[in-house]
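Below: the structure, in structure tokens.
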Amino acid sequence: MEQKSPRVTSGADLSVEIAGLRLRNPVMTASGTFASGREYADFVDLSRLGAVVTKGVSPMAWTGNESPRVAETFGGMLNSIGLQNPGVEAFCAGDLVWLGSQDVPVVVNVCGHSVEDYVRVVERLEDEPGVAAYEVNISCPNVDAGGMAFGTSCAPAGAVTAALRSVTKRPLIVKLSPNVTDITEIARAVEGAGADAVSLVNTLLGMAIDAETRRPKLARVVGGLSGPAIKPVALRMVWQVARAVGVPVIGVGGIMNGADAVEFLLAGAAAVQVGTANFADPTSTMRVVDGLAEYCARHGVGRVSDLTGALEE
Amino acid sequence: MEQKSPRVTSGADLSVEIAGLRLRNPVMTASGTFASGREYADFVDLSRLGAVVTKGVSPMAWTGNESPRVAETFGGMLNSIGLQNPGVEAFCAGDLVWLGSQDVPVVVNVCGHSVEDYVRVVERLEDEPGVAAYEVNISCPNVDAGGMAFGTSCAPAGAVTAALRSVTKRPLIVKLSPNVTDITEIARAVEGAGADAVSLVNTLLGMAIDAETRRPKLARVVGGLSGPAIKPVALRMVWQVARAVGVPVIGVGGIMNGADAVEFLLAGAAAVQVGTANFADPTSTMRVVDGLAEYCARHGVGRVSDLTGALEE
Amino acid sequence: MSCAALDAGSHPLLERVEVLANDRVAEGVGLIALHAPRIAAAVEPGQFVHLRIATGADFLLRRPFSVHRAGGETIEILYQVLGRGTLDLAGKTRGDVMDAIGPLGTGWDIPDGIAHILLVAGGLGAAPLGMLAERLSARGVAVSVAQGAPTSERLVARELFESVARRVEVATDDGSAGERGFVTVVSERLLQTDRPDLVCVCGPEIMARAVAAQAARAGVPCRVSLERLMACGIGACLSCVVTTSHGRKRACVDGPVFDAEEVCWDGAEVPPRH
Amino acid sequence: MSCAALDAGSHPLLERVEVLANDRVAEGVGLIALHAPRIAAAVEPGQFVHLRIATGADFLLRRPFSVHRAGGETIEILYQVLGRGTLDLAGKTRGDVMDAIGPLGTGWDIPDGIAHILLVAGGLGAAPLGMLAERLSARGVAVSVAQGAPTSERLVARELFESVARRVEVATDDGSAGERGFVTVVSERLLQTDRPDLVCVCGPEIMARAVAAQAARAGVPCRVSLERLMACGIGACLSCVVTTSHGRKRACVDGPVFDAEEVCWDGAEVPPRH
Ligand SMILES: Cc1cc2nc3c(=O)[nH]c(=O)nc-3n(C[C@H](O)[C@H](O)[C@H](O)COP(=O)(O)OP(=O)(O)OC[C@H]3O[C@@H](n4cnc5c(N)ncnc54)[C@H](O)[C@@H]3O)c2cc1C
Ligand SMILES: Cc1cc2nc3c(=O)[nH]c(=O)nc-3n(C[C@H](O)[C@H](O)[C@H](O)COP(=O)(O)OP(=O)(O)OC[C@H]3O[C@@H](n4cnc5c(N)ncnc54)[C@H](O)[C@@H]3O)c2cc1C
Ligand SMILES: Cc1cc2nc3c(=O)[nH]c(=O)nc-3n(C[C@H](O)[C@H](O)[C@H](O)COP(=O)(O)O)c2cc1C
Ligand SMILES: Cc1cc2nc3c(=O)[nH]c(=O)nc-3n(C[C@H](O)[C@H](O)[C@H](O)COP(=O)(O)O)c2cc1C
Ligand code: FES
Ligand code: FES
């Protein structure tokens, strides 16, 4: 991985527009890897991020899964956090207030066990001024009810989206699961149901075993695979979905540096999210922003948005 | 990765039985990564392998895809070889004759664009004494017609299996694709249609882009992801399928050493295949065999088959 | 003092650290000294650093290590070689550079007015207790140490403890030093004989749990330092939770040191080592 | 001679090789000397080794490199730093150990009776031609060399060529040495003036293709060494195919040297470097 690079200031226009939302640059945080940014504020200038995407928020507090909740794998990691969060009320009283004091657009990641759950969270958040958009997590492999179940077939995916569309005018980003036979079907379904954008991918369902103890490395046995190991799969899915839908695509999966981000843009993404990389290097998001600017400068790219879909096949 | 380890001779019984086939040990080669073994004979004692699984064989010669056909990714690689092979006649006249002179069971990997193609290959091979079993590749992401198309929904997967079942009494191993929403459905379908065993996984469909040239790294744009990066996904699917079907499961995906093989056995595999690891170290299969023996000795495992499904959840 | 990571004033730092020395101190155990001026100045006993061991293209999560000792511009880490990360760590030599996030976590947070403290160390559990023993004895607190290990050679940091503690009693599985058996035999006795005001424990969770029970029976408050697998190390990912009577807490920021009685021993510790 | 990898007698070896020296010879170009007695003894000009650069837990495919020179128990590799593998290679120092598979491929396979040969090298294409030039001149064959590079400093192995060749003419993109422009200008002229019996080319595929056309027009047989991405390097994986008039052939065992007229220039070369 690159070492921390000096901030690059280039002439290129890094701003992008997603679902009516103007972002300073296309680099967002990936939900669940950055909390609400407070912990990272010591290492990252939040005002240099395109957006902060929060940890998943549910109607009531969720306690998540047992420990161990993470395991390292080759070029990546498994997690089975299970969407532990204090619930939407506590979120509004806590993180959201703090985020209000920061100069960065806030995308709230929404999760639930049922369509009603999702609706309740969004309805509650509609009263809050500090929310720029919603990212609907229908792809979490770490909860039994709901979670990925919504994201692996078209009807429920469309149903959640439609229900949320009817309660908000704010930009609705639906986050898709890679654990499907044909991700373009799901993408078209949520687009048809009113999604303003799609983000992909969430984690790949995986498993790790400790041969010595003969036990699964995760208490939940299975968990979500993330990190550089999954980048080729994420990139392929972004490329497929960008050709299948009209709404903007947000690419996520194994992005560690500026070059990785450029690859996702070329494949058709309008923006990107950085997740697991934050754990290895808490300044990763800044390196991605600087790397993008440096790439644009070096290649004479005037607007970063010109890179979207610019793959030469 | 481990360095070449001295051959370990342990008291443990490494032999396994799969679909009526007795193998010296559970370590096979993964199709397409070992050709027919001739090229590896300089580095590997074929008689110490559980079985050699050949490159995919089609009714007529296939020329495969354009170059570049491979690209390295984080912890793995993409390939889009496209099942280039000289066709079943040339195979019988060439590799199969050579394999006949080797002291190792031969599993012929069969591919086709249509059910008829698969049937023609197997019917031709039925005349050949030197074939121990068939592995039916319904999961190749690198051919347009056939290939993965058969492996991603139940009906065609069952149809190919049933057609082959009707023309051979030899053990029929069906190789499954990981690019599906629920691999247990497909596994049950092929079991129901007469498969004696299933092997999984084939490669994950992925993509790589060269940001500098803005071009896909593979001429075919997409290709199959293999290597340690995919091990957590393969392990999870083996664990799921082993609980869903009664026939033996052969685990494949990212196995680099003995410990990896043990993990697949614990997850429920009766045998394993080693693929991409052969490229990094041509002696990988031997290291896996030695590593398995060493593990059994160290843990007092009398029969390696006792490890199958012995995961402590 | 202490509670560094919690009090608003102090924040974790991302510091480029350079290896000053890296020596084997016992079978499979190493002591690495790092030039880390900013972390060394801020760290409190019981806090840890989140170390990025991998370099180059290699992807590896950080690894958390307690600060064993800190002085001047140097911190020392006592580490056991277990897997990929600590193998790489053992290979580092003078001049190698890594980066570290720290100081992290709550630390032991010893209240004033403590006159006599019992430290119970199991195996590498000695690591986060070294600095504590030094600082407390410097503060005039009487320190007793109960230390256990598989064998005498593995009684790491024993000299340190003997140099500052009023009394050090040991137990080894093979009887090669002190009592034959578990450290809990020694800790039980010292609880009775030395009547400490506070017990601080670090070691395998099963042992920590047993000592916590002894302290409870003796009516002595007890602190335990717990290990969890940690991804971010700074409170963001929720991979390190410990179940407590006040709900799930993050070992990296709400711990790693917890009040024994608030811990729900749910067996969620890191899998046993080999 | 030659055709080593093909004739049944000879087999590729898996050899533990030790770095003897590793020096920068130009901007982004290094020359590494490896102690590889068995490969050194068997290798023929134009053959290559498949080098395992990564160590430890790091997964990396092997990287193919032509043997630039071989003598005694040593082989030399001339390499250009492009990405992860060659970056790591540039970091190797005396005493580091890797493993190599080799010798691999067909080699130049020069028929007896050749009196005058023209070698055309573009950039790092000089690598597989060094050993050839030495061996041929030792056999009394008259050697002419046309060499091209972006700039004079990048005319790698120029001294070697000048020490054994009858004539060396160069071209550089910036005119800092010889002609300003492409090596094809020089090769065209030498084809006319020196009337070689055989042309051997290695360099970017577009340049090799142009030289092959020149040779064809001049009615001189031509051999080209082609690059493909290689996974196994030993003929098993079919990742390295070259389309020829006799169908798809494997660059690692049927090549890397091909008869120019059998090559179908399908633009399947490795993506341009940066
Ligand atoms: C707050 C804290 C302080 C620590 N202080 C020390 C210390 O001072 N000295 C020391 O030697 N070790 C310490 N550890 C444990 C140390 O982090 C692990 O031993 C190390 O991460 C193992 O990395 P590895 O790659 O070598 O092993 P891996 O291959 O990652 O794992 C090998 C074994 O170590 C266990 N392990 C892996 N990561 C952790 C982890 N984060 N915590 C606990 N166990 C783990 C695994 O479950 C496995 O059983 C501490 C852990 C925590 C949470
Ligand atoms: C038979 C043969 C002989 C070779 N001899 C030499 C030599 O003597 N000196 C030398 O410097 N290089 C040689 N090469 C090329 C060398 O193998 C690549 O430059 C090297 O593998 C790049 O590895 P990397 O990890 O540094 O770059 P990567 O990050 O893998 O790739 C960087 C760039 O190099 C290209 N590349 C990667 N692998 C290969 C490959 N196997 N062949 C060609 N291009 C590749 C990629 O397409 C990319 O554009 C030879 C290649 C072949 C096939
Ligand atoms: C520890 C962890 C927690 C996560 N939590 C969430 C979450 O709450 N909601 C969500 O939509 N995705 C969650 N994800 C998925 C990431 O947002 C992202 O989609 C995935 O990790 C792939 O990106 P990466 O490879 O950059 O990490 C989580 C990932 C990790 C590693
Ligand atoms: C270069 C290459 C060629 C392959 N060709 C075939 C094939 O012909 N038939 C097949 O069923 N699988 C083929 N595979 C898939 C492997 O057999 C194996 O299922 C996959 O690579 C995962 O295992 P691994 O990670 O150990 O490589 C191929 C894989 C690679 C890398
Ligand atoms: S390690 Fe991320 S919250 Fe503790
Ligand atoms: S590299 Fe595998 S066949 Fe040539």
Side-chain angles (χ1 to χ4, degrees), chain A residues 71 73-78 141 152-153 177-182 186 204-217 221-225 227-240 254 256 258-267 295 298-299 307 310-313, chain B residues 71 73-78 141 152-153 177-182 186 204-217 221-225 227-240 254 256 258-267 295 298-299 307 310-313:
Chain A
T73 66
F74 213 109
M77 66 179 282
L78 291 163
T152 51
S153 47
S177 170
N179 302 294
V180 294
T181 306
D182 179 1
I186 316 282
L204 283 155
L205 191 62
M207 178 177 179
I209 294 173
D210 183 330
E212 294 301 316
T213 62
R214 295 193 181 187
R215 284 163 50 184
K217 287 192 174 180
V221 183
V222 296
L225 183 64
I230 72 167
K231 193 182 80 172
V233 175
L235 209 49
R236 182 262 300 182
M237 289 185 166
V238 164
W239 177 74
Q240 290 178 315
M256 307 289 284
D260 293 333
V262 170
E263 290 166 28
F264 275 86
L265 297 178
L266 293 171
Y295 179 95
R298 190 156 46 83
H299 289 262
L307 291 173
L311 184 68
E312 290 164 17
E313 288 170 46
Chain B
T73 66
F74 213 110
M77 66 179 281
L78 290 163
T152 51
S153 48
S177 170
N179 302 294
V180 294
T181 306
D182 179 3
I186 316 282
L204 283 155
L205 191 62
M207 176 176 179
I209 293 173
D210 184 330
E212 293 302 316
T213 61
R214 294 192 181 187
R215 283 163 51 183
K217 288 193 174 181
V221 183
V222 296
L225 182 64
I230 71 167
K231 193 182 79 171
V233 174
L235 208 50
R236 181 262 300 184
M237 289 184 166
V238 164
W239 178 72
Q240 290 178 315
M256 308 288 284
D260 293 332
V262 170
E263 291 166 28
F264 275 86
L265 297 178
L266 293 171
Y295 179 94
R298 189 156 47 83
H299 289 261
L307 291 174
L311 183 68
E312 290 164 18
E313 288 170 46

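Proteins come first, then strands; the chains are lettered A, B, ... in the order of their sequence lines, and each starts at number 1.
Taking all atoms of both residues into account, the shortest heavy-atom contact from A229(A) to L225(B) is O-CD2, 3.9 Å. Nearest heavy atom pair, residue A211(B) against residue A259(A), reads CB-O, 4.1 Å. The two residues L205(A) and Q240(B) make their nearest non-hydrogen contact at CD2-NE2, 4.1 Å. Across every non-hydrogen atom of M207(A) and L311(B), the tightest pair is CE-CD2, 3.5 Å.
From D182(A), atom CG reaches atom OG1 of T181(B) across 8.5 Å, with rounding to the nearest 0.5 Å.
The parts of A267(B) that come within reach of chain A are both its backbone and its side chain, each placing non-hydrogen atoms under 4.5 angstrom from that chain. Only the side chain of V222(B) has a heavy atom closer than 4.5 Å to any heavy atom of chain A. With a 4.5 angstrom heavy-atom cutoff, A310(B) touches chain A via backbone and side-chain atoms both. With a 4.5 angstrom heavy-atom cutoff, Y295(A) touches chain B only via side-chain atoms. Neither the backbone nor the side chain of I230(B) comes within contact range of chain A, judged by heavy atoms closer than 4.5 Å. Both the backbone and the side chain of L235(B) have a heavy atom closer than 4.5 Å to some heavy atom of chain A.
R214(A) contributes no side-chain N or O that, together with a main-chain N or O of E312(B), makes up a donor-acceptor pair within less than 3.5 Å.
Salt bridge R298(A)/E212(B): present, at least one basic N to carboxylate O contact under 4.0 Å.
Between chain A and the options E313(B), K231(B), H299(B), heavy-atom pairs under 4.5 Å are most frequent for H299(B). Among G75(B), P228(B), G76(B), G223(B), the residue with the largest count of heavy-atom pairs under 4.5 Å with chain A is P228(B). Across L265(B), V262(B), V221(B), the residue that shares the most heavy-atom pairs under 4.5 angstrom with chain A is V221(B).
P178(B) pairs by the side chain to side chain contact (heavy atoms under 4.5 Å, CB included) definition with V201(B), N202(B), L204(B), M237(B), not counting sequence neighbours.
Counting only heavy atoms from C-beta outward, the side chains of R236(B) and N179(A) approach each other to under 4.5 Å.
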